[in-house]
Amino acid sequence: MKRLRPHLLVGLLLSLLILSGLHPWMRETLLDARFRLLTRQATGDIVLVEIDPRSIQALGRWPWLRSVHAELVQRLERAGATDIVFDVDFSTPSSPDQDAAFAAALQAAGGSVVLPAFRQRVADRGDGHTLHVNRPIPLFAQQAWLALVNVLPERDGVIRQYSHSAVIEGEFIASVGAMLAGRHDQNAPPFRIDFGIQPASVPSLSAIDILRETPAALAALHGKKAIIAGTAAELGDRFTVPNGRIIPGSLVQALAAESIIQGRTLTTTSPAVSLGGLAALIVAMAAIWSRVRAGRRILVLGLLALAIEGAAVCVQAFHPIAFDSSLLLAGVAAYALVTAIDEIDLRGLLRLAAERRFERIAMCLSDGLVCVDQTGRITLWNPGASAIFGHPEQAAIGQPFEFLLAQGDGSVSEAPFRLTAVPLARLLQRGGTVVELMGLRRSGEPFDLECSLSCWDTAAGVQYGVVLRDISLRKRQQEHIRYLAECDTVTGLPNRNSLMAHLEDAISRKEPGTATLLLVGVNRFQQINNLYGHSFGDALVVALVERLRVVAAQASLIARLGSDEFAILFTGEAGEAAALGERIVADFQYRPVTVGDRPHRIAVAIGLASTSTAQHAEMLIGNAHFALASAKAQTSAAPVPFDPLMRGAIERREALEAELRTALADNEFELFYQPQIELRTGTVVGAEALIRWRHSERGYVSPAEFMPVVNTTSLSEDVAAWVLETACRRAADWQRRGYAIRIGVNLAQSQFATGDLAAEVERRLAENGLRPELLELEVTEDIILDDGAKTLRVLAALRALGVKIAFDDFGTGYGSLTYLKSFPLDKIKIDQSFVKRLEPGSQDAAIVAATIDLGQALGLSVIAEGIETQATASLLREMGCDEGQGYLISKPIPAQEFAMKFLRKEARLVA
């Protein structure tokens, strides 16, 4: 059995080589390497005509016109080329004249041109076929030979094998290489290309030189076979060949043809030959194993390997045979390895190498490393440990480990951490390999120490190792990070994170004494910050906090929630919390806050929310914010407790906003139209478009209920755009039917803030074919106040389009006369608040009369809203008012009803 052991081990190694899949890689690497030694030149009978970067740049495009390829054929024919092979795809038609030009050139060549066919994988189209054959179009195939250009890489992506031909769909097609070599043997097996033939020895010419009929290029083609193919890198026709070279596909075809021409179609020896050689090796080694010493066996094996590979190289040099010596050489290497293992004490070497490597690593570690024997005494001490503790190596070796440790108070440990076999083994068994202890430096300074424990067997018994790290800096950093995470850096107060934790705890305790959150907001803090700077603002905040700590000394927690907001958690009755809020307000109201030597009067507002009103901390803070917002809005400074109605109003508003978004998406909005008449004649001259919501359950919803939500959310822009588009489309429809009805559309503030309103209006007019004067856009004072300069530019652009501009709700604002002077307007709309109570001799009558006179003086027409009685209409007519609208004429009605009632002959367009 002992005699068989080395041969069984060799067999095991060779089996692992084969099963691991390394044998094919080893074989191909060995065979590929021989091409470096066995080089030879090409015959020169095959010339590459390259579609290279110079050719593509000269013609300025790719793919080339078929007429260019026709010119190439004609030039090559005249130059005396015997065969012309294209490696260019002609499987799709071009323009008829271009295809005809190329077909004519093929016909004139008289069958000396070869066009490519190639197979490619495609998705199954339902017929079960996944292999598609690309052929030249029939117009070209009738005038030329076909040749297969496919080359298939091995698993490692390298091209080695080449086929003479293939039978595709019952048709025999020779490969390009076989066609160039003049071999058309259907039964010839695939072969290895001889990549010892130097690619650089294959003659090549640039296609542009052929097209330009360069004499030297044409002379090089006489009596030669030409391959026309793309070699430019950007065309992508590149393949990896043995020894890491990357060459164009056309050059692979040329080397395959050269292999056939030169009789170098390499055939790999069968596995039976390799197995036979391996069997002979095993027999020979069995015969000499016990008779020859190890050193001589290795020498014999080395000479045998050289002889095997030398013979393989000689055979391949003179015959097209690639001898697979990989398995035989692997057997030789396995026997050499087994010989070495038998002679060397591998385990001892490995242990010695490991110990030396461990010592080198230990001495280079920045961490401290201490080794301890079973008695707990130090046997190894590295420079890292000296740096941590301050003890030199000579003073530490032999000392018990506990002399490095201190108790929590910094004194030397009286009950030392005994690092001996029994406690350490237990510690390792339960997974406690990392412990934190209190270390003691040579100077007597205690510090935080982390110990990573391990053990291993040695020739001298069990050894214990301890990796030591000074974590005092890390502890300080962790403490600083915890401080930053939980505290405000300016005031030192707990921040929002700490507040949330305290609130969750207060809510979860559910004690009889209810806790209350007081949210203190500082009025005009941002203004002070901007006026005096952030440094002053921080100093002011610190002074505010000192005041709060004194006034709210009985509070459970004071935290900073935001730049100008402070939270006070008070445990007690709600009345006591309210009284605390009143004391805080009064304290700041009657006593200034001093920063440096400058006193400042600071006003605060306070909102209160009890923990009983919230289910979690976020909700409690939200309730307090609702109350604080209410406190800031009221005129008095009294603290405001949270009322559930505050949250309910916001929740209803949020729900309404969500409903409105759905309504816009589901087309639930509708435009009603209220007629506008000329007061003197009673003729309908216009209509104001007013939005209505046709709710699926509630019916029509009043704009007063939903428009405030629309105008203060992101819905505003989309709804306003819908109103403008719908009104323009309706006005254009009435215009096409022959009615000159001017439609008034209320503009939203959002349309001036975002986008290009003038461009949008111009596009709507053009899309619908609407005359500009039939669109009247209404603006209110709040739109102008938002950004007067921008609004002026937008209105001027709208006016330039021919659109009318009306000033809505005139008289209800503060600066209306200034706007009449500065802005491009066409009409004033008198607000209905003045019209509904209009009586002769009243103040409203005086305001209306003055407005009408002002409009006439400025050349503006005037329309009165809210006419509900005939007496009001008559009085307005006597005052000289141009137009009017109101319930006396009609309430807002749907478009169809408006058309039936008010579209009369008087409103017809004049041709």
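Counting from 1, the numbers follow the sequence of the chain as shown. Computed from a predicted model, the values in this text were never measured in an experiment.
- Under 3.5 Å, the side chains of T268 and R160 contain no donor-acceptor pair of N or O atoms.
- No option in F191, F195, F239 other than F191 meets the ring pair (Phe, Tyr, Trp, His ring centres under 6.0 Å) test with Y162.
- The minimum heavy-atom distance linking L328 with L278 is given by the pair CD1-N, 3.5 Å.
- Q198 and T39 share no donor-acceptor pair across their side chains, judged by distance under 3.5 Å alone.
- Counting only residues at least two apart or on different chains, the salt bridge (Lys or Arg N to Asp or Glu O under 4.0 Å) pairs with a member in residues 254-265 are D194-R264.
- Taking the charged nitrogens against the carboxylate oxygens, K475 and E436 do have a contact shorter than 4.0 Å, which makes a salt bridge.
- Listed by chain and residue number, H69, F90, F102 satisfy the ring pair (Phe, Tyr, Trp, His ring centres under 6.0 Å) test with F86 (two or more places apart in sequence, or in another chain).
- Side chains of D32 and T29: no donor on one and acceptor on the other come within 3.5 Å.
- The side chain to side chain donor-acceptor pair (under 3.5 Å) search around T231 returns E50, not counting sequence neighbours.
- The environment of CZ in R296 is sparse: at most 12 heavy-atom neighbours from other residues, nucleotides or ligands sit within 6.0 Å.
- A226 and V49 get closest at one heavy-atom pair: CB-CG2, 4.0 Å.
- The environment of CH2 in W25 is sparse: at most 12 heavy-atom neighbours from other residues, nucleotides or ligands sit within 6.0 Å.
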